[in-house]
Each structure stands twice: as C-alpha cells, then as structure tokens.
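Letters go in sequence order (proteins before strands), and every chain restarts at 1.
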Amino acid sequence: MKSIDSYLRTRFMPHIWCPGCGHGTVLNGLIRSVDAVGLNKNELVMVSGIGCSARIAGYLDFHTLHTLHGRALAFATGVKMSRPDLTILVPMGDGDALAIGGNHFIHAARRNIDITVIVLNNRIYGMTGGQFSPTSGCGIQATTAPYSSIDQPFDAVQLASAAGATFVARTTTYHVNELEQLLTRAIRHHGFSVVEVLSQCPTHFGRRNGHQETVEMLRHFKEGTAKVGSRQLAEQVDLIPRGVFVDEERPEYCDQYAEVIQRAQAARAGGAGGEEPQ
Amino acid sequence: MSASGSTATGPRTVFVQGNEACAEAALYAGLSFFAGYPITPSSEIAEHLSRELPARGGRFIQMEDEISSMAAIIGASLTGSKVMTATSGPGFSLMQEALGFAIMAEIPCVVVDVMRGGPSTGLPTQGSQGDINQVRWGTHGDHSIIAITASTHQHLFEATVRGFNLAETYRTPVVVLFDEMLGHMRERLVIPEPGELPTVDRLRTSVPEGVDYHPYLTREDGRLPMSDFGGVHRYNVTGLYHDMWGFPSTDPAIVDDLAHHLHDKLELRADELASVRTYGMEDAEVVLVSYGSPARSARQVVHEARLNGQPLGLLELETLWPFPAGVVRRACRSVRAVIVVEMNMGQMLRHVKAAVDAPERVFLSNRVDGRFITPRDIRRVLRIVEGQGE
Amino acid sequence: MARTAIKDIVINQEWCKRCGICSTFCPKDVFETDAEGTVTVAHPEACIACELCERMCPDLAIHLEYEPPAEAPA
Amino acid sequence: MSWKLVIGGVGGQGVISAGIVLAEAAVIHEGRYAVQSQSYGAEMRGGLSRTDVTISNSEVIYPKVDQAHVLVCLHRKALNAYTGVIRPGGLLITDSDEAPIRGRVDSRQFAIPFAATAREVSGSERNANICMLGALVAITRVVSREALTAALLDRFGTRDAVTAALDAGFRLGNEHAAAVAVRADAHEAGRHATSARM
C-alpha cells in the first residue's frame with residue numbers, strides 16, 4: 001500500500017485524541033481501506049459533525065468538511081446529490097449519529113444514498129467531558145448520570161437496518177483486520193452503508209465504569225463480542241454480534257434522481273416519457 | 001404557469017405567484033440545487049423547483065427538516081452549484097445554526113424566508129414582517145448578513161437574481177425576504193431574456209494543481225476565489241475560526257482578523273449594497289419608509305396624495321441588511337416627518353430612528369393582526385402626524 | 001504473494017502517546033516498555049509481521065518496513 | 001380602466017381558480033395588468049373562500065380590493081361575509097339558488113342560477129365557476145369574451161363541458177344585462193379612488 005503518511009495531513013500530528021483512544025485506530029483502519037479500494041484523494045470527500053469522532057476529518061488529506069453537531073449526513077447529502085461521482089465518508093460519534101443527528105441518520109438510510117457512515121461508538125460524550133450518550137445504556141456512570149443512567153440504549157445496527165441502510169456491519173477497534181475489511185466493503189457498496197465500530201474512551205467511559213486501562217477495554221471487545229453466525233454467539237446470547245448484518249442491492253438515491261432528470265427532460269421535450277405532471 | 005409569447009429565449013410574460021417569480025428568478029440566476037422542507041406559505045417555491053430543476057438538469061431534494069435543508073445546500077454549494085432553500089419563520093428558526101456555519105465558512109447560498117405571522121406557529125396563512133431582526137441576529141455570535149426584499153413580482157425577480165449575485169460575489173448567505181401576501185398573490189411578470197439581467201458566476205481559483213491554494217486568503221478586491229470539492233485542491237471547511245487554509249485556529253491574531261473580515265466585508269459596504277426605490281421623493285415634506293408588500297400600500301397613498309398635490313414621498317428599501325443607514329439619513333434630512341410602514345411592531349422603525357437626524361419625528365404605521373395593511377391605515381397615521389386628528 | 005522479510009520496525013516517538021496497546025497485544029513480545037511507558041523494539045528478530053501493532057496503534061506511530069522484493073530471475 | 005372584483009364562495013367551488021383565470025385572461029391574452037390574491041382558512045374545503053382581482057390598463061399598485069366594483073357570491077356564507085366590500089352603486093352577482101339575496105344591498109343585482117345551469121348543460125355543478133365567469137364577462141366586459149375563452153382553454157384544455165358551461169354563462173349574462181348596460185369607465189373609477197372619504 002501507499003504509505004499511511006501520504007493520506008495524512010501530517011503537520012497536525014500527533015492528533016488531539018487521548019492516549020489509548022480507539023478513534024486513532026479507526027483512522028488507521030480507514031486509511032488502509034481507502035488504499036485497498038484504490039481511490040484517488042481528489043475523489044474523496046469526508047464530512048464530519050462535532051465531537052471527538054469528527055476530528056478524523058482534519059487529519060485526512062481529502063476534501064474535508066467539518067460541520068455541525070449531528071448534521072454531517074445532511075451536508076453530505078448535498079455534496080453527494082451535486083456530485084454523485086464522488087465518494088463520501090462520514091465519521092460520526094454515537095451522540096452525533098444517534099442523538100442530535102438521529103433524524104438525519106434514519107432519513108439518509110431510508111433514501112439509500114451512496115454514503116459510507118462510520119459510527120465510532122464509545123458510549124459517551126468525550127469532547128464535552130463524559131456525559132451519557134444514547135448508546136451508554138442503563139447502569140452507566142457519567143457526568144450527567146451521577147446515580148447511574150436509566151436510559152435504554154439504541155442499537156445502531158438495528159436502527160440502521162430498520163431504517164433501510166443496504167450495508168450494515170459492526171466491529172471493534174480490537175478486530176483491526178476485520179475493521180479494514182468491513183470498511184473496504186462498506187466503501188465499495190453502492191448505497192447507504194453503516195459500519196459501527198465499538199471504540200474505547202478510556203478517559204471518560206473506562207475510568208468511570210470499572211476499566212482502568214485501555215488494554216482492558218480492548219480485551220473486553222475481544223471477549224464480549226462474537227462473529228455473526230458463530231457457534232459462540234449462538235451459545236452465549238449476551239455477546240455482542242460482529243460482522244455483516246445487511247448487504248443487499250436496492251436502487252440508490254442519486255441513480256434514481258438521474259432517472260427523474262431523464263423523465264423530466266423527456267416530458268419537457270414532449271417525447272416518450274410521458275406527460276408533464278399536473 | 002400560463003405564459004404568452006413563450007419562446008425559448010425571448011422575454012416571457014407570465015401570470016404567477018410571488019413564490020413562483022422567486023423560483024423562476026433563481027433558475028434565471030443559475031440555480032442548480034435546491035433542498036427544502038414544506039412549510040406554508042413558501043411551499044410553492046419547492047413545488048415549482050421540484051418540477052423545473054430536473055427538467056433543466058438541476059437537482060431538487062425534499063429533506064427531513066429545515067435544519068438538513070440548510071445543511072444540504074451548503075454541501076452542494078461546495079461542489080460548485082448555485083444553491084437555494086426556501087422556508088417560513090418556524091423553518092427559518094431551525095436554519096439558524098447552519099446559516100451561521102455558511103457565514104463563518106463563507107459559503108455562497110440563498111435562503112428565502114416567506115414571512116408569516118409569528119412567534120411560533122403564529123398565523124400560517126397570513127402575512128407579516130416579523131422576521132426582520134431574526135434575519136439580522138438569528139444566528140449566534142458577531143456576524144453580518146445580506147437581506148433583500150421587494151414589493152412586486154418584477155422587482156422580486158430582480159432582487160432574487162441580485163441575491164444570487166451578491167452571494168457569489170461576497171461568498172455569503174443572502175436572505176431573500178418577502179411575506180405571504182407577495183408570495184401567494186399572482187401578478188404579471190416579464191421574465192427577461194437570458195443576459196438581460198447580469199448574473200455573477202462563481203469566482204474560481206486560477207491556482208494550478210500542486211500549488212498551495214488558500215481558500216480563505218482574500219484578494220485585493222476583497223473576493224475569495226473558490227475551488228470546488230472534487231477538484232484538484234483539497235482543503236478543509238469548518239465552522240470553527242480558521243486560518244487561510246481552512247484549518248481550525250485559536251490564535252488571537254487569526255481570530256481577530258477573521259471576525260473583522262466577516263463583519264467588514266458587508267458592513268463597510270452598506271452604501272454600495274443599498275438598493276432603494278423612490279416615489280415622489282424629490283420635494284417630499286413627509287416621507288413614508290417601507291419595504292416588501294406594505295410598500296405597495298404606501299405607494300398607493302403617495303400616488304393619491306400626489307394627485308391632490310400633497311408633497312408626500314416614499315422611500316422603499318430593497319436592501320434591509322446591512323441597513324442602508326446613510327441612504328435613509330440623506331433621504332430624510334430635511335423632511336417634516338417620517339412614517340415607517342411595516343407589518344410588525346416596529347422592527348425597522350428603530351433602525352430608521354437611529355439613522356435619521358431627528359428621531360423624534362419618526363412615526364410608525366403598522367398592522368400585526370394578520371390583515372394586509374391598507375392605504376387607509378397609513379392615511380390615518382399620516383393625519384395624526386400632520387396634526388389633523390383621525 | 002508471500003511477504004518479503006521485515007527490514008525494520010519504526011516507532012515514531014513524536015506521535016506515540018504511550019498507551020501500551022502494541023506491547024500488550026504483540027504475540028511475540030517484540031516490544032519493551034520502560035518506566036515512563038516509552039516503547040522500544042527490543043526483539044525485532046521475533047517479529048512475524050502480523051502487523052497487529054501497526055494496525056492497532058491509535059497514534060499511527062508504528063510502521064513495519066519490509067525488504068524490497070528480490071529481483072525476479074531473468 | 002381599473003376594475004376591482006371580489007369573488008366569494010366556499011372551498012371546493014373553484015372560486016380561486018375563477019379569479020386566476022379571469023386575471024390571466026387580462027394579462028396573458030390582453031396584455032393588461034392584473035393582480036389576484038386570495039384568502040382561505042387552513043382547511044381547503046368547506047370554509048369561506050375569497051379571491052380579490054384587480055384588472056387595469058396600468059400597473060396595479062395596491063393589490064387588495066377594499067371597495068369592489070363587482071362582488072360575486074357563489075354561496076350564502078360568502079354573501080353574508082362580503083357584501084360590505086361593494087362600493088356604492090357596484091354590482092352584486094350571485095347564484096340565485098345558492099346565495100339568494102335577502103335584505104337591501106346598495107348595488108345593482110344579478111341573481112343567476114350558475115350551479116343549476118352548469119349541471120344542466122355540462123353535467124356537473126363543478127363547472128358553476130366557469131358558467132359564472134361567462135356571465136360576469138357578458139355583464140361587465142371586464143375582459144373580452146375571446147380572452148376569457150383562451151384563458152380557460154389554457155387551463156382546462158378543450159373540453160365540451162367547459163365550453164358548454166361558458167357558453168351558457170355568456171348567454172345568461174347577456175340576457176340579464178340586456179336591460180341595463182353596465183360599464184365601469186376609467187374616469188369614474190379614478191374619481192372614486194381619489195374622492196372617497198376614507
């Protein structure tokens with residue numbers, strides 16, 4: 001592969017993430033998958049929102065758009081609709097994607113617009129100092145849940161699948177080879193793709209919830225998850241499934257809009273394609 | 001839309017709603033991407049463009065809300081498209097955060113706000129001019145913005161085209177404001193031939209591939225050449241304070257420079273950006289100051305007063321922000337009284353008072369009950385101001 | 001195609017934040033960590049080029065350098 | 001020549017589209033100026049519906065109609081709500097079945113069975129608005145018959161039902177107008193506008 005550095009804006013390195021933060025590992029895997037797909041940097045647009053996850057955009061030597069909390073997919077939709085030939089990558093945090101941006105997330109999935117979303121799920125609001133997120137779940141300690149959280153968590157995979165995403169996968173920052181493979185498949189997939197990556201936040205999640213060390217959190221990803229379809233998963237129902245959950249072909253939004261343009265122009269020309277709508 | 005003399009290129013006379021006039025003007029100006037969410041009384045703009053844009057190879061998308069609509073047009077603008085969204089007060093409130101982003105990141109875009117009565121859901125099917133100050137200060141932080149309006153379909157057409165031109169020239173959002181009355185009423189509009197009205201194309205960088213491009217380095221003439229996303233220059237766009245490459249910075253010198261740039265590029269050009277129309281102003285002793293559809297009622301009053309030989313004039317503002325204080329001051333310098341005619345509680349009144357030499361001689365004729373302000377409403381105030389009682 | 005031999009394992013100490021992931025998860029104990037957490041390559045000969053360290057490193061601070069491939073026989 | 005008209009009815013009677021067609025006839029087919037506006041409730045059917053139309057040979061400044069030369073009412077609810085808008089000596093045109101005139105209104109009155117006629121000649125009361133336009137134009141000549149016909153064809157295409165309703169409207173209007181020729185001339189309209197004590 002081309003060197004990692006050739007994809008980075010190295011003048012901003014070392015990055016701002018805390019020691020042991022899983023987001024750097026996702027950046028690492030993402031570069032490898034972009035390289036594997038063989039994309040030209042001029043064809044890549046990364047659109048991010050706000051939060052630790054959003055900072056990925058600043059380090060990558062692509063066209064980068066660092067937007068508003070939760071709104072990255074809406075900005076990305078505008079980019080993609082105008083330039084369907086470009087590859088759009090959207091890294092999002094769990095709060096970014098599923099709380100403030102939840103509506104945009106489900107609607108982008110519903111349209112099946114060809115965008116690749118990477119949900120970096122560390123189950124906490126890291127940048128703002130450790131408040132609970134929509135994936136924290138019950139019983140989690142957070143700066144806004146001093147008596148432990150009573151909020152039920154979202155399952156990003158189920159939400160994306162139900163909303164109509166045509167490629168949905170989950171992995172962790174421990175499973176780095178799987179991470180690269182799944183991201184590669186997601187980028188290649190023509191339609192709305194979501195890869196949820198369980199990522200560790202040792203600073204705000206681990207420290208308050210019984211994991212003193214980064215490596216302990218990674219071991220938890222190793223031991224607490226199992227591949228979809230594996231016997232291990234069938235036997236231990238409390239394990240979190242990893243792998244590909246949805247991979248199907250459905251008409252992509254920009255392709256469909258290209259047909260709308262054809263229909264509109266045919267109607268205007270008075271040719272085959274039918275009557276002008278009333 | 002009915003049309004006469006419709007040829008591919010010649011001027012076309014049409015009989016349309018203001019919303020359609022605005023949409024047609026956007027197409028004339030080169031609109032190629034629209035994102036929006038339905039809301040009364042602006043929905044006809046989206047409806048019209050959903051039909052017209054794809055027929056001309058452009059793109060229309062109905063988003064899940066106004067927040068995403070504003071965000072989507074910013075994304076599309078970065079690829080080089082001329083973009084627009086349209087909404088009304090409640091939706092415009094939702095757009096404020098992304099509007100601020102477009103101001104900070106200097107993204108050309110046009111936002112249409114067809115005003116209805118507010119606050120909140122207010123009066124969905126009735127007009128008002130309650131959003132004047134929201135347009136100016138709706139998004140947080142120090143900033144400047146361009147807002148323009150008009151009172152007839154022909155002028156609205158010209159104003160909308162101008163809105164696109166200003167957005168491209170100054171790399172800024174431009175708000176085109178009008179109210180339900182103008183949006184929904186139908187009147188004659190002559191769509192000019194292509195080329196008849198000037199249109200400004202995006203200024204793109206001439207920096208070749210491989211040479212460092214600075215998306216936020218202002219040229220001597222104040223303009224910032226752009227490079228389309230997907231092109232050969234990869235840079236960063238952010239809502240954070242940023243350096244000339246678009247990368248976040250908290251360096252006080254950089255922050256100070258950018259804050260002043262964003263403010264000064266419009267505020268110091270207030271006179272240049274000012275567009276006004278005058279009726280009977282040459283020897284006016286009393287001046288009506290109005291904007292948008294109420295200016296038609298004011299103009300009717302001036303028209304009738306002039307038939308009776310009364311020295312009444314109308315100063316109709318088409319640029320609302322930056323407020324054309326210099327123009328207003330000069331126009332009202334030697335008059336006995338000024339009456340601001342608007343459909344709100346006096347949102348422009350205070351700016352007119354601040355602009356003129358004798359603020360104690362500035363009065364308000366307004367209406368906030370959802371009914372369109374009538375010439376009779378204005379004449380009533382005029383008589384009081386003239387000391388003639390009701 | 002088989003991997004060519006490892007030439008070097010380079011740690012960018014400027015970028016490394018000393019999280020300990022590489023040394024913990026290396027299957028061959030290639031790394032050593034001192035009291036401050038600074039990681040060094042102690043046993044390069046043990047490396048099996050699994051790339052786990054390079055891929056897991058959240059700081060993108062480890063790079064495996066390979067010998068150039070042998071020239072194909074004429 | 002400046003005409004100010006108000007057409008009222010309830011939602012679903014085609015009041016607003018009648019106003020649009022009338023104004024389009026003036027603008028598109030006669031090269032004149034017109035403004036059409038409307039008011040209606042959030043509910044599109046059942047509630048009161050009103051359209052204001054001003055037709056002029058010069059630019060229309062004030063877009064609403066405060067004192068109408070002509071008020072047309074297709075429903076009694078509209079008649080109750082809008083009679084005050086007619087200027088003294090103006091015209092009141094109603095559907096004689098749907099909006100019977102009770103009490104005194106200072107106007108010249110024409111009560112014509114638009115809905116019944118439309119049903120009879122075109123098979124549907126939905127064409128009552130077209131029948132009304134025919135009568136309105138026959139009585140007032142606010143636009144030419146040719147312009148109105150052209151505007152209707154633009155909107156509805158060539159349909160026998162439309163033509164039948166329109167022709168019946170013209171005929172009824174001419175019969176009712178035969179007694180008194182009613183014209184609003186520019187001079188009178190201008191004098192009204194400037195001397196009105198408002």
Do [X] and [Y] have side chains that get closer than 4.5 Å, going by heavy atoms?
| X | Y | result |
| --- | --- | --- |
| F101(B) | L65(A) | yes |
| R9(A) | N236(B) | yes |
| I61(B) | R111(A) | yes |
| E97(B) | R71(A) | yes |

Given the options [options], which has more heavy-atom pairs under 4.5 Å with chain A than any of the others?
| options | result |
| --- | --- |
| G239(B), G231(B), A35(B), G246(B) | G231(B) |
| D65(B), L53(B), V83(B) | D65(B) |
| G230(B), G100(B), P248(B), S81(B) | G230(B) |
| I67(B), I73(B), D228(B) | I67(B) |
| T238(B), I74(B), L240(B) | T238(B) |

Chain B interface, residue from T67(A), V260(A), T87(A) that has the most non-hydrogen pairs under 4.5 Å: T67(A)
Top contributor to chain B interface from G70(A), A72(A), G78(A) [non-hydrogen pairs under 4.5 Å]: G78(A)
Check whether more than 12 heavy atoms from other residues, nucleotides or ligands sit under 6.0 Å from atom [atom1] of [X], and answer yes or no.
| X | atom1 | value |
| --- | --- | --- |
| Y170(B) | OH | yes |
| Y253(A) | OH | yes |
| D85(A) | CG | yes |

Proximity breakdown for R110(A) and chain B, heavy-atom pairs closer than 4.5 Å: neither
Contact origin within L86(A) toward chain B - heavy atom pairs under 4.5 Å: side chain
N/O donor-acceptor pair under 3.5 Å between R83(A) side chain and T79(B) backbone: no
Pair I261(A)-R59(B), side-chain contact (heavy atoms from CB on, under 4.5 Å): steps then yes or no: CA-CA 8 Å; I261(A) 291 174; R59(B) 288 169 168 83; 4.2 Å; yes
is_close_aromatic(F60(B), Y257(A)), centroid dist under 6.0 Å: no
Structural part of [X] lying under 4.5 Å from a heavy atom of chain A:
| X | value |
| --- | --- |
| Y235(B) | backbone |
| E209(B) | side chain |
| A98(B) | both |

From CA spacing to verdict: side-chain contact (heavy atoms from CB on, under 4.5 Å), M63(B), T77(A): CA-CA 9 Å; M63(B) 294 297 287; T77(A) 297; 4.0 Å; yes
[X] to [Y] - nearest heavy-atom pair and separation:
| X | Y | value |
| --- | --- | --- |
| A76(B) | S82(A) | CB-OG, 3.1 Å |
| R56(B) | Q265(A) | C-NE2, 3.9 Å |
| F62(A) | R234(B) | O-CB, 3.5 Å |

What's the separation between atom [atom1] in [X] and atom [atom2] in [Y], rounded to the nearest 0.5 Å?
| X | Y | atom1 | atom2 | value |
| --- | --- | --- | --- | --- |
| N103(A) | S68(B) | CG | OG | 7.0 Å |
| M70(B) | F75(A) | CE | CZ | 8.0 Å |
| S227(B) | H63(A) | OG | NE2 | 7.0 Å |

Chain B contact residues among residues 22-49 of chain A, heavy-atom distance under 4.5 Å: K41(A), N42(A), V45(A)
